[in-house]
Amino acid sequence: MAQIAGRAGRHMNSGSFGVTANVQPLDEELIERIESHTFDSLKHIRWRNRSLDFHTVRDLLRSLEKASPTKGLISPREASDHKSLLTLAKDPDIKKHSQGSAGVRQLWQVCQVPDFRKTMHDVHVRLLKQIFINLQNPSGKLPTDWIAGHLEKLKRTDGDIDTLATRIAHTRTWTYISHVQDWVSDYKHWQEVARRIEDNLSDALHERLTQRFVDRRTAVLVRKLKDRSQLEAEINENGDVLVEGHFIGTLKGLRFTSDLSTGSNDARTLKSIGNKAVVKEITSRAQQLAQSSDDAFSLSETGEILWNEMTVGRLSKGDSVLKPKVNLLASEQLNGAPMEAAAKRLNDWVSHEIATRLAPLVKLADLPLTGVTRGIAYQSVKRWAQCLVIN
């Protein structure tokens with residue numbers, strides 16, 4: 001937990017501890033210990049001798065099994081390379097080619113090939129034996145056709161998740177081998193081949209995992225659809241409305257745009273659950289709008305009324321150019337007193353803006369003029385109002 005907190009940057013920035021899904025909150029004592037770096041002392045540290053003797057395989061094993069002279073340092077748990085060496089040391093073919101120091105060193109290098117496949121020990125040791133024996137040919141390299149044959153079998157991208165994961169693990173073994181330059185001719189070529197195979201397998205695995213997730217989520221949703229009280233809806237910061245992770249529409253300003261067809265009972269249920277969340281959010285927004293100060297509103301060049309940068313209304317032709325009609329742009333989910341309060345607030349704001357910004361034109365329009373003078377005044381009001389009401 002301390003490592004996770006450290007990776008999250010909590011040693012540099014203040015933060016809080018949280019949990020996912022239905023996990024219980026962390027114990028306060030545990031949090032305090034993590035924050036203060038108070039951990040139980042280690043009684044032992046595992047250690048292995050690095051001064052290895054390569055005269056013979058027996059000498060190598062003895063040096064690997066040497067105990068530390070320092071108190072508190074204990075032998076490591078059975079390492080895979082050590083275990084593999086113990087097994088191979090008993091093989092007559094291995095003994096034949098590991099008599100000298102060079103052979104012992106090479107055998108130890110082969111034993112250090114990781115078991116990415118996590119197979120049975122005997123299976124991994126069998127591969128290590130093949131690698132070591134093949135390295136004894138005159139070229140001192142692994143046969144090209146032998147490498148190609150193994151990699152060719154791994155190119156297939158069919159199969160289930162476990163099959164693909166197993167192929168990826170096998171490929172990583174060959175990626176490791178291709179990076180031992182002394183073993184492989186044209187090692188860069190084989191590195192590229194292994195990389196492409198792993199990329200293709202990883203893409204196929206991603207598709208299978210995605211499909212499994214979708215299938216499971218769908219199954220969970222189907223179960224919850226039988227009990228509508230279990231379904232949960234949310235509206236994210238972008239206005240996307242989701243029910244159990246399923247996108248059902250978008251809320252912009254006071255308008256909701258549905259993205260679900262109501263052709264099935266399940267779709268209608270999702271829409272109904274989402275609609276409850278939308279009604280609550282739109283009503284809340286309308287109430288906030290009705291209480292907002294003038295600086296929360298603005299007018300776009302196309303006559304749209306913006307509230308906190310969200311379009312909530314539009315001007316259209318009214319009784320006169322100084323008395324435009326104010327249209328509240330809201331979905332059917334908004335009604336009653338909240339809708340009336342929001343519409344009144346927009347009307348009041350527009351009226352105040354016209355009275356403030358166009359005061360001279362308002363006075364001119366109200367003068368008791370007649371004839372040509374009245375016509376000039378009318379044209380002046382019309383043209384100036386069109387230019388100034390936006391600016």
Side-chain angles (χ1 to χ4, degrees), residues 44-68 73-137 140-143 145-156 159-184 190-191 194 197-198 201-202 205:
H44 305 289
I45 297 178
R46 296 193 178 276
W47 171 92
R48 185 165 77 171
N49 182 24
R50 66 177 181 177
S51 299
L52 303 181
D53 187 343
F54 293 100
H55 285 92
T56 66
V57 172
R58 180 176 294 181
D59 290 333
L60 175 58
L61 286 170
R62 285 175 178 170
S63 61
L64 283 168
E65 294 164 359
K66 182 179 179 180
S68 171
L73 298 182
I74 62 175
S75 299
R77 296 186 180 92
E78 196 171 42
S80 61
D81 51 5
H82 186 189
K83 186 178 179 182
S84 297
L85 180 63
L86 283 169
T87 303
L88 289 173
K90 303 173 184 177
D91 189 290
D93 295 329
I94 299 297
K95 289 181 179 179
K96 178 181 176 181
H97 296 287
S98 58
Q99 296 301 317
S101 177
V104 175
R105 286 180 179 275
Q106 189 175 68
L107 176 60
W108 178 237
Q109 188 181 27
V110 170
C111 288
Q112 290 179 298
V113 173
D115 184 14
F116 292 109
R117 303 175 299 170
K118 303 301 179 185
T119 57
M120 292 185 295
H121 176 67
D122 291 346
V123 176
H124 182 61
V125 169
R126 194 178 307 130
L127 173 63
L128 298 183
K129 177 181 177 179
Q130 291 175 349
I131 293 172
F132 182 71
I133 297 300
N134 276 317
L135 287 172
Q136 308 313 310
N137 66 59
K141 305 283 186 180
L142 296 176
D145 56 349
W146 185 69
I147 298 174
H150 278 278
L151 288 174
E152 186 65 30
K153 296 175 183 178
L154 299 173
K155 289 183 178 180
R156 294 174 53 185
D160 58 16
I161 291 174
D162 291 338
T163 300
L164 291 170
T166 299
R167 288 189 193 133
I168 289 175
H170 280 246
T171 304
R172 286 175 180 164
T173 298
W174 289 100
T175 297
Y176 179 93
I177 292 171
S178 70
H179 278 78
V180 185
Q181 299 179 18
D182 293 340
W183 294 358
V184 183
W190 293 114
Q191 289 172 11
I197 292 175
E198 184 172 345
L201 289 171
S202 295
L205 179 61

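Please read these numbers as outputs of a predicted model, since none were measured by experiment.
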Less than 4.5 Å apart, any side-chain heavy atom of [X] and any of [Y]?
X: Ser101; Y: His55; result: no
X: Leu52; Y: Leu64; result: yes
X: Ile131; Y: Trp183; result: yes
X: Phe132; Y: Leu88; result: no
X: Glu65; Y: His82; result: yes
X: His124; Y: Ser84; result: yes
X: Thr173; Y: Leu127; result: yes
X: Thr175; Y: Glu198; result: yes

How long is the gap from [atom1] on [X] to [atom2] on [Y], to the nearest 0.5 Å?
X: Leu201; Y: Thr166; atom1: CG; atom2: OG1; answer: 10.5 Å
X: Leu107; Y: Lys95; atom1: CG; atom2: NZ; answer: 12.5 Å
X: Leu164; Y: Asp162; atom1: CG; atom2: CG; answer: 9.0 Å
X: Ser98; Y: Arg105; atom1: OG; atom2: CZ; answer: 14.0 Å
X: Gln112; Y: Leu128; atom1: CD; atom2: CG; answer: 11.0 Å
X: Arg172; Y: Ile177; atom1: CZ; atom2: CD1; answer: 14.5 Å

A quick test of your reading: do over 12 heavy atoms of other residues, nucleotides or ligands sit less than 6.0 Å from CD1 of Ile45?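 Open: at most 12 neighbouring heavy atoms sit under 6.0 Å from CD1 of Ile45.
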Check whether more than 12 heavy atoms from other residues, nucleotides or ligands sit under 6.0 Å from atom NZ of Lys66, and answer yes or no.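 Atom NZ in Lys66 is not crowded, with 12 or fewer foreign heavy atoms closer than 6.0 Å.
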Closer than 4.0 angstrom, basic N to acidic O: yes or no for Asp93 and Lys129?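 Salt bridge flag = yes for Lys129 with Asp93.
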Evaluate Ile74 against Ser68 for side-chain contact (heavy atoms from CB on, under 4.5 Å), listing each step before the verdict. CA-CA 7 Å; Ile74 62 175; Ser68 171; over 6 Å; no
Just grab all the ring pair (Phe, Tyr, Trp, His ring centres under 6.0 Å) pairs involving residues 159-179, residues at least two apart or on different chains.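 Qualifying pairs: Trp146-Trp174, His150-Trp174.
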Test item: Ser63 side-chain N/O and Asp53 main-chain N/O as donor-acceptor pair under 3.5 Å: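 Present.
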Taking Ser75's backbone N and O only, do any of them form a donor-acceptor pair with Arg46's side chain (distance below 3.5 Å, no angle check)?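 Confirmed, Arg46 side chain pairs with Ser75 backbone.
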Considering all heavy atoms, the nearest Ala148-Trp190 contact: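 So the two residues come closest at CB-CH2, 3.6 Å.
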Which heavy atom in Leu61 sits nearest to a heavy atom in Ala89, and how many Å separate them?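 In this case the closest contact between Leu61 and Ala89 is CD1-CB, 4.4 Å.
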Report yes or no: do Thr87 and His121 form a side-chain donor-acceptor pair below 3.5 Å?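 Distance-only check passes for Thr87 and His121.
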Does the side chain of Gln106 come under 3.5 Å of the side chain of His97 through a donor N or O and an acceptor N or O?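 Result is no, nothing qualifies.
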Check against side-chain contact (heavy atoms from CB on, under 4.5 Å), Ile197 and Leu151: CA-CA 8 Å; Ile197 292 175; Leu151 288 174; 4.0 Å; yes
Kindly write out the residues that satisfy side chain to side chain donor-acceptor pair (under 3.5 Å) with Asn49, not counting sequence neighbours, or none if the list is empty.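 Partners of Asn49 under the side chain to side chain donor-acceptor pair (under 3.5 Å) test: none.
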With sequence neighbours excluded, what pairs up with Arg58 under the salt bridge (Lys or Arg N to Asp or Glu O under 4.0 Å) test?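 In terms of salt bridge (Lys or Arg N to Asp or Glu O under 4.0 Å), with neighbours along the sequence ignored, Arg58 is linked to no residue.
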Please determine whether salt bridge (charged side-chain N to carboxylate O under 4.0 Å, His left out) holds for the pair Asp81 and Arg48, giving the CA-CA distance in whole Å, both sets of side-chain angles, and the decisive distance to 0.1 Å. CA-CA 12 Å; Asp81 51 5; Arg48 185 165 77 171; 3.1 Å; yes
